[in-house]
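Here is the naming used below: chain letters follow the sequence lines, and residue numbers restart at 1 for every chain. All of these numbers come straight from a predicted model, not from anything done at the bench.
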2 protein chains.
Amino acid sequence: MARKQSAPDCGLHAALAVLGGKWKPAILCELHRGPARFGALKRQVLGISEKVLFEQLRELESTGVVLRTVLDPAPPKTVEYSLTPAGAALTDAVQTLVEWGQHHVRIRASAPQSSIAS
Amino acid sequence: MARKQSAPDCGLHAALAVLGGKWKPAILCELHRGPARFGALKRQVLGISEKVLFEQLRELESTGVVLRTVLDPAPPKTVEYSLTPAGAALTDAVQTLVEWGQHHVRIRASAPQSSIAS
DNA sequence: CCGTATCCTCTACGATACTG
DNA sequence: CAGTATCGTAGAGGATACGG
């Protein structure tokens, strides 16, 4: 995604360009708990493929929310990914949305106002 | 979007399922300014096609953030779309993200830390 | 004016295998 | 372990035309 939008409504556009996509939320969520290596992320995020994990990581890196650090350049090199201050601020800003989501789910679960699911 | 995710990290999943997609943010942004008719939205959101606008509107309606009201059932019928209380709460919750986005953009504009856009 | 149907494109995402 | 390359797929989104 991160396609070009006709009218950049606001900063929302920028924010969604960063945490948009199928896996970025999960990745950010993991990194929010602390730094992690590539393999660790791959294991924690589950269903994700190496290729996609990498792409997402590079995008997150290029948007300045994730930091890539090479711990050991030796053949079986180890690299660590962590949140930048901006990334931390983002995951923090997202909390409001998280709460809305949780609340929203509960409301709809108890009071179905229209035909939603079968 | 609204695809199935391996691990519903949190309420974020729910929130993104609602404002995910290419146009929903823009649509929600417009409705945030007040109720609008189909044609009005079509005009304001610009690049969007009727089909997509409709799909998005229906999804927003089914997730309970947008309300559809038929004002005049007569042949050239008029319909109005507006935010439900939940929708208003959402656009409000999103403000934090908007601010982050705006701030983030300014930071990166003044201090490019890596190669981002061309 | 509002809504629906059809068809087509584009790209994010997926599976896998290989190199340093 | 980390990163790259290749090939394939599904589905969101786009253009357009018709119907109530």
Side-chain angles (χ1 to χ4, degrees), chain A residues 1-7 13 16-28 30-31 35-63 66-82 115, chain B residues 1-7 13 16-28 30-31 35-63 66-82 114:
Chain A
M1 120 266 347
R3 261 285 208 38
K4 196 187 183 303
Q5 202 129 322
S6 49
H13 174 223
L16 288 176
V18 172
L19 50 71
K22 187 175 179 180
W23 300 103
K24 293 209 188 72
I27 297 175
L28 252 14
E30 282 304 324
L31 293 180
R37 295 202 319 280
F38 186 87
L41 286 174
K42 183 184 166 187
R43 242 169 289 122
Q44 294 160 349
V45 178
L46 292 184
I48 197 169
S49 69
E50 294 184 354
K51 177 203 163 197
V52 175
L53 175 56
F54 222 72
E55 287 174 354
Q56 307 290 294
L57 242 18
R58 286 197 61 162
E59 288 180 28
L60 291 171
E61 194 189 348
S62 73
T63 47
V66 160
L67 182 66
R68 177 175 172 276
T69 313
V70 178
L71 298 180
D72 185 357
K77 65 180 171 186
T78 54
V79 180
E80 190 180 75
Y81 291 90
S82 57
S115 55
Chain B
M1 122 271 338
R3 261 287 207 39
K4 197 189 181 301
Q5 201 130 323
S6 49
H13 176 223
L16 287 177
V18 171
L19 48 72
K22 187 174 178 179
W23 300 104
K24 293 208 187 76
I27 297 174
L28 251 15
E30 282 304 324
L31 292 180
R37 295 201 321 279
F38 186 86
L41 285 175
K42 183 184 167 187
R43 243 169 287 122
Q44 294 160 349
V45 179
L46 294 184
I48 197 169
S49 69
E50 293 184 354
K51 176 205 164 199
V52 175
L53 175 55
F54 212 69
E55 286 175 354
Q56 307 290 295
L57 242 17
R58 286 197 61 161
E59 287 181 27
L60 291 171
E61 193 190 349
S62 72
T63 47
V66 160
L67 182 67
R68 177 175 173 277
T69 314
V70 178
L71 299 179
D72 186 356
K77 66 179 169 185
T78 55
V79 181
E80 190 179 76
Y81 291 91
S82 56
S114 55

Across nucleotides 15-20 of chain C, 5' to 3', mark each nucleotide with B, S or - according to how protein heavy atoms within less than 4.0 Å reach it. B-B--B

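The NZ-C1' distance, from B:K42 to D:dT16, rounds to 11 Å in whole Å. B:L53 places its CG atom 13 Å from the C1' atom of D:dG13, with the value rounded to the nearest Å. Rounded to an integer number of Å, the gap from B:L57 CG to C:dC1 C1' is 14 Å. Rounded to whole Å, atom P of D:dG3 lies 11 Å from atom CG of A:L41. Summarising the geometry, the separation between CH2 on A:W23 and C1' on C:dC13 is reported as 9 Å, rounded to the nearest angstrom. Between the CD atom of B:E59 and the C1' atom of D:dG13 there is a distance of 11 Å, given to the nearest Å. The interatomic distance linking B:Q56 (CD) with D:dG11 (C1') rounds to 13 Å, in whole Å. If you measure from atom NZ of B:K22 to atom P of C:dT11, you get 9 Å, rounded to the nearest angstrom.
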Indicate every side-chain donor-acceptor pair of residues 69-78 of chain A with a distance under 3.5 Å to a residue at least two apart or in another chain.
| from | atom 1 | to | atom 2 | distance (Å) |
| --- | --- | --- | --- | --- |
| A:D72 | OD1 | A:A74 | N | 2.9 |
| A:T78 | OG1 | A:D72 | N | 3.3 |

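Here the CD1-CD1 distance, from B:I48 to B:I27, works out to 4.5 Å after rounding to the nearest 0.5 Å. Distance CG/B:L57 to OH/B:Y81: 4.5 Å, rounded to 0.5 Å. Of the inter-residue distances, the one linking A:R58 atom CZ with A:L60 atom CG reads 12.0 Å to the nearest 0.5 angstrom. To the nearest 0.5 Å, atoms CD (A:Q56) and CG (A:L28) are separated by 10.5 Å.
Among residues two or more places apart in sequence or in another chain, the side-chain hydrogen bond (donor to acceptor under 3.5 Å, both in side chains) test is passed with A:K42 by A:E50. With sequence neighbours left out, A:F54 forms a ring-ring contact (aromatic ring centres under 6.0 Å, His included) with A:F38. B:E80 pairs by the salt bridge (charged side-chain N to carboxylate O under 4.0 Å, His left out) definition with nothing, not counting sequence neighbours.
Using a 4.0 Å heavy-atom distance criterion, B:E80 is classed as making no nucleic acid contact.
Closest to the B:R58 side chain, of the nucleotides D:dC1, C:dC2, C:dT4, is C:dT4. Of the candidates D:dG13, D:dG3, C:dG3, the closest approach to any side-chain atom of B:R68 belongs to C:dG3. Distances were taken from every side-chain heavy atom of A:V79 (C-beta onward) to each of D:dG3, C:dC2, D:dT4; the shortest belongs to D:dG3.
The C1' atoms of five pairs define one axis at each end of the helix from C:dC1-D:dG20 to C:dG20-D:dC1, and these two axes lie 40° apart (to 10°).
Using a 4.0 Å cut-off, no side-chain N or O of A:Y81 falls inside it from OP1 or OP2 of D:dC1. In this structure, A:R37 does not reach the D:dC1 phosphate: none of its side-chain N or O atoms is under 4.0 Å from OP1 or OP2.
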Determine whether B:L19 and A:L16 satisfy the following criterion, side chain to side chain contact (heavy atoms under 4.5 Å, CB included), listing intermediate values before the conclusion. CA-CA 9 Å; B:L19 48 72; A:L16 288 176; 3.9 Å; yes

